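Have a look at the structure below before the remarks.
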Amino acid sequence: MLDSLAALPVQWGLGGLFLSALLSATLLPGNSELALAFWLQAQPASWPAAVLVATLGNTAGSLTTFWLGLRLRGGGRAPGLSPRALAWLQRYGAASLLLAWLPLIGDGLCLAAGWLNLPPGRAALAILLGKSARYLLIAAPFIRP
């Protein structure tokens with residue numbers, strides 16, 4: 001079943017890859033890495049577009065989680081946020097979001113960054129850079145010289 005879900009982007013095109021990456025970066029479960037690998041196996045020459053689409057979709061999903069943190073901010077205590085994650089973000093700021101690509105931890109970092117009201121521009125840039133690096137590493141075996 002996992003193979004058939006990850007193969008959907010191949011059937012749906014780059015729009016399916018974007019959707020997979022977007023949903024994978026929210027608090028919903030997903031596996032955009034497998035989706036990108038399936039896409040690149042079927043369309044290796046399209047790696048620049050596929051990496052760009054996956055990066056933008058995943059960044060948009062993380063920014064959705066960041067926005068959710070902003071919206072939850074009015075409640076006082078950070079709901080369900082790890083004190084360690086909050087301390088990490090307070091110490092290193094938006095640069096911490098270079099790690100937003102990490103499974104499970106990344107979602108919490110984005111949520112906590114929004115709750116802490118970190119600068120959105122810096123947060124978006126750090127998220128984009130971290131996600132770009134991850135997807136480039138996933139694409140590397142499919143890139144033909």
Side-chain angles (χ1 to χ4, degrees), residues 2 5-6 8-10 12-145:
L2 181 62
L5 289 175
L8 280 178
V10 176
W12 293 4
L14 289 174
L17 182 59
F18 180 89
L19 185 62
S20 171
L22 177 103
L23 293 175
S24 294
T26 64
L27 298 175
L28 299 172
N31 197 328
S32 61
E33 296 86 358
L34 268 179
L36 178 62
F38 272 98
W39 175 269
L40 292 173
Q41 188 174 26
Q43 306 280 336
S46 71
W47 74 265
V51 167
L52 178 66
V53 165
T55 299
L56 292 177
N58 212 245
T59 299
S62 289
L63 290 174
T64 301
T65 304
F66 179 90
W67 175 83
L68 181 60
L70 284 171
R71 302 296 300 166
L72 293 173
R73 186 164 172 70
R77 185 175 179 275
L81 297 176
S82 159
R84 286 180 79 183
L86 290 170
W88 178 273
L89 282 160
Q90 288 172 326
R91 182 172 181 184
Y92 298 106
S96 302
L97 295 173
L98 288 167
L99 300 175
W101 61 270
L102 290 169
L104 302 175
I105 296 168
D107 294 339
L109 283 175
C110 291
L111 187 67
W115 191 84
L116 289 170
N117 200 23
L118 293 184
R122 289 183 189 169
L125 180 62
I127 291 167
L128 179 71
L129 291 174
K131 306 270 183 175
S132 296
R134 176 185 63 178
Y135 286 122
L136 281 169
L137 284 173
I138 291 168
F142 298 94
I143 299 171
R144 311 272 192 272

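All of these numbers come straight from a predicted model, not from anything done at the bench.
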Minimal non-hydrogen separation, [X] against [Y], with atom names:
X    : Y    : value
S24  : N31  : OG-N, 3.1 Å
K131 : A100 : NZ-O, 3.5 Å
S96  : L109 : O-CD1, 3.9 Å
A126 : L98  : O-CD2, 3.5 Å
A21  : Y135 : CB-OH, 4.1 Å
L17  : A50  : CD2-O, 3.6 Å

Test of understanding: with side chain to side chain contact (heavy atoms under 4.5 Å, CB included), list the residues that count as partners of [X], not counting sequence neighbours.
X    : answer
L128 : T55, L56, T59, S132
L125 : L129
A113 : F66, L89, L97, L118

Nearest 0.5 Å, what's the [atom1]-[atom2] distance between [X] and [Y]?
X   : Y    : atom1 : atom2 : result
N58 : S32  : CG    : OG    : 4.5 Å
L14 : L19  : CG    : CG    : 12.5 Å
L99 : I105 : CG    : CD1   : 8.5 Å
L68 : L63  : CG    : CG    : 12.5 Å
L40 : I138 : CG    : CD1   : 9.0 Å
T65 : L70  : OG1   : CG    : 11.5 Å

Looking at R122 and P120, would you say the former's side chain and the latter's main chain have a donor-acceptor pair under 3.5 Å?
no

For T64 and A60, indicate whether the former's side chain and the latter's backbone hold a donor-acceptor pair under 3.5 Å.
yes

Residue pairs fulfilling ring pair (Phe, Tyr, Trp, His ring centres under 6.0 Å) with at least one residue in residues 86-108, sequence neighbours excluded:
W88-Y92

Answer whether the closest heavy-atom distance between the side chains of W47 and L136 falls below 4.5 Å.
yes

Under the rule for side-chain hydrogen bond (donor to acceptor under 3.5 Å, both in side chains), what residues qualify as partners of S46, not counting sequence neighbours?
W39

Summary of salt bridge (charged side-chain N to carboxylate O under 4.0 Å, His left out) pairs that have at least one residue in residues 33-48, sequence neighbours excluded:
E33-R134

